[in-house]
Novice: 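There's a structure below that I have some questions on.
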2 protein chains.
Amino acid sequence: MSQTDTVSRILDAAEILFAERGFTETSLRTITSTAGVNLAAVNYHFGSKKELIQAVFERFLTPFTQALAVELDRRVATGEPLTVEDLLSSIYQVAIGSLVKRGRDPQRFMRLLGLAYTQYQGHLRRFIVSRYGDSYRRFAGLLAQALPGLDPVTFYWRLYFMLGATIFTLSSFDAIEAILREDFGAESSLQETLERLVPAASAMLKVNG
Amino acid sequence: MSQTDTVSRILDAAEILFAERGFTETSLRTITSTAGVNLAAVNYHFGSKKELIQAVFERFLTPFTQALAVELDRRVATGEPLTVEDLLSSIYQVAIGSLVKRGRDPQRFMRLLGLAYTQYQGHLRRFIVSRYGDSYRRFAGLLAQALPGLDPVTFYWRLYFMLGATIFTLSSFDAIEAILREDFGAESSLQETLERLVPAASAMLKVNG
DNA sequence: CATCATTTAAAACAACTGTTTGGTTTTGCC
DNA sequence: GGCAAAACCAAACAGTTGTTTTAAATGATG
């Protein structure tokens, strides 16, 4: 088994199991056995469990933020002012696109993002902020420009409301979809849900008062 | 030390520690030592760690849902139609009121609610749904009545958007508030944040399209 | 005061955790 | 083909986990 193979098998297994159960609820033995590699391989290749967790996030956040930067560059270059709806659908489509392209499951990453926010893992928060804080600030800045006249504190609270609605809903997408399918017989795709989320979140950001 | 004293000391400590770190990250030894009771007391009084977790939720969800029922009864009895804003501010005020009255920290319960949604604890989800599902459905029904003409599937997705925005934001209230205070020097109370949340969430629920 | 169930205490339990060790196999390169 | 470096493996390590056991203390009741 080649090195890159072992490393990516570990990352694949860890990504799935972390998203399902959380970090502390997933042992290295579960990861290595589902990956079909030796227990010691994690510490050999990544150093520690903490660093494995960070590597899982790095593997999907780096291509995502790069694709987002490209998309934002493209839109800014047109010279046309960016609306709130433009920005939201941009970031959602980039999120889906940059993952589907690699044959990965977008909902899983929403679950991981949700975990990063809610779980008790100080090192992970620090890692993400230091590594991807610039991307976040650029997007937030463009969004603020699309909402002139809104005072900064109100804007930032609403930005968190929007983040909460997005991450929370999409990280539980499968569960919510199953409930609605049972109660109304109506299937919802991730794409459709994002199309519902864009106008709803935009209205929340734009409302006066 | 009397029995009720020991029981409530355990619940107090567990509530704080669970909200801070999560369930698996909090050991029974940490709980019992901060509570100043013996380790075996948890298994003696509650049976298991799972049942302790459920007891923590029961202790704050039961008074909350009871107070909510009283408040909804009161508002329905006036005969006036309930607006979305009415319902949201009702539930927020009841949440704060029913807790502050008991000298408990409202943000802690938002954190616990967030954990109940995001953590990998199937038994807790089942416990909450079976115990408090009726309260949830009544509130959702009244909210749907306040939004006539909205198709059910769209309504429920937006309800989840709203839940996500609320739980996610308020469970991280301290962290977000600290960031905004540092960046803008503006302090935000929980009360003020709820007053921002009501119109924002209402706009999200009511928007056309 | 004696009796009995309730409650606490300390210790031990078996299972599981992340990590390290020492040795073996495989790989890439001269 | 030989050799050093990288990769892998099984085993053991030390520490923590939830839970149970055994014995001592407590407190109410006759």
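Just so you know, these numbers use all the heavy atoms, side chains as well, and skip hydrogens, waters and symmetry mates. Chain letters run A, B, ... following the sequence lines, proteins first, then strands; residues in each count from 1.
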Novice: When all nucleic acid strands are considered with a 4.0 Å heavy-atom cut-off, which category describes B:S48: base, sugar-phosphate, or nothing?
Specialist: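 Counting heavy atoms under 4.0 Å across all strands, the contact made by B:S48 is with sugar-phosphate only.
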Novice: Relative to each other, are the rings of A:F18 and A:F23 parallel, tilted or perpendicular (30° and 60° limits)?
Specialist: perpendicular
Novice: Please state how far atom CG in B:L28 lies from atom P in D:dT17, giving the value in whole angstrom units.
Specialist: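 About 9 Å, once rounded to whole Å.
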Novice: Expressed in angstrom and rounded to an integer, what is the separation of B:E25 atom CD from D:dG18 atom C1'?
Specialist: 15 Å
Novice: Compute the ring centroids of A:F168 and B:Y117, then answer whether they are less than 6.0 Å apart.
Specialist: yes
Novice: On the 0 to 90° scale, with breaks at 30° and 60°, tag the B:Y156-A:F184 ring pair as parallel, tilted or perpendicular.
Specialist: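 Ring orientation, 0 to 90° scale: tilted.
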Novice: Ignoring hydrogens and angles, tell me if any N or O in the side chain of A:E51 forms a donor-acceptor pair with the backbone of A:S48 under 3.5 Å.
Specialist: yes
Novice: Just the rounded figure in Å: distance from C1' of D:dG18 to CZ of B:F46.
Specialist: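 About 15 Å, once rounded to whole Å.
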Novice: Report the distance from atom CG of B:N43 to atom P of D:dT22, rounded to the nearest whole Å.
Specialist: 16 Å
Novice: Strictly under 3.5 Å: I want the nitrogen or oxygen pairs between protein and nucleotides 9-11 of chain C, one per line.
Specialist:
| from | atom 1 | to | atom 2 | distance (Å) |
| --- | --- | --- | --- | --- |
| C:dA9 | OP2 | B:N38 | N | 3.4 |

Novice: Give the rounded distance in Å between these two atoms: OH of B:Y44 and P of D:dA23.
Specialist: 18 Å
Novice: Under a 4.0 Å N-O cut-off, is there an ion pair linking A:D105 with A:R111?
Specialist: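 Answer for the salt bridge query: no.
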Novice: Establish, with yes or no, whether the OP1 or OP2 oxygen of C:dT6 is under 4.0 angstrom from a side-chain nitrogen or oxygen of B:H45.
Specialist: no
Novice: Is B:S27 close enough to D:dT17 that one of its side-chain N or O atoms is under 4.0 Å from OP1 or OP2 there?
Specialist: yes
Novice: So what does A:T26 touch, heavy atoms closer than 4.0 Å: a base, only the sugar-phosphate, or nothing?
Specialist: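 If one applies the 4.0 Å heavy-atom cut-off, A:T26 turns out to touch the sugar-phosphate alone, with no base involved.
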Novice: Less than 4.0 angstrom between a side-chain N/O of B:T6 and OP1 or OP2 of C:dT8, yes or no?
Specialist: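 Indeed, a polar side-chain atom of B:T6 lies that close.
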Novice: Nearest-Å distance, NZ (B:K50) to P (D:dT19)?
Specialist: 9 Å
Novice: D:dG18 C1' sits how many Å from B:F18 CZ, rounded?
Specialist: 12 Å
Novice: Over how many whole Å does the gap from B:F23 atom CZ to D:dG18 atom C1' extend?
Specialist: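 Rounded to whole Å, this separation is 16 Å.
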Novice: Using the rule given for side-chain contact (heavy atoms from CB on, under 4.5 Å), can you reason through B:L61 versus B:R131, listing the C-alpha separation, both sets of side-chain angles and the distance that settles it, and then say yes or no?
Specialist: CA-CA 9 Å; B:L61 278 182; B:R131 202 62 139 245; over 6 Å; no
Novice: Taking side-chain hydrogen bond (donor to acceptor under 3.5 Å, both in side chains) as the cut-off, I'd like each qualifying pair that reaches into residues 169-179 of chain A, sequence neighbours left out, listed once.
Specialist: A:Q107-A:D174, A:E177-A:R181
Novice: By nearest atom, which of the nucleotides C:dT19, D:dA7, D:dC8 is closest to the A:K49 side chain?
Specialist: C:dT19
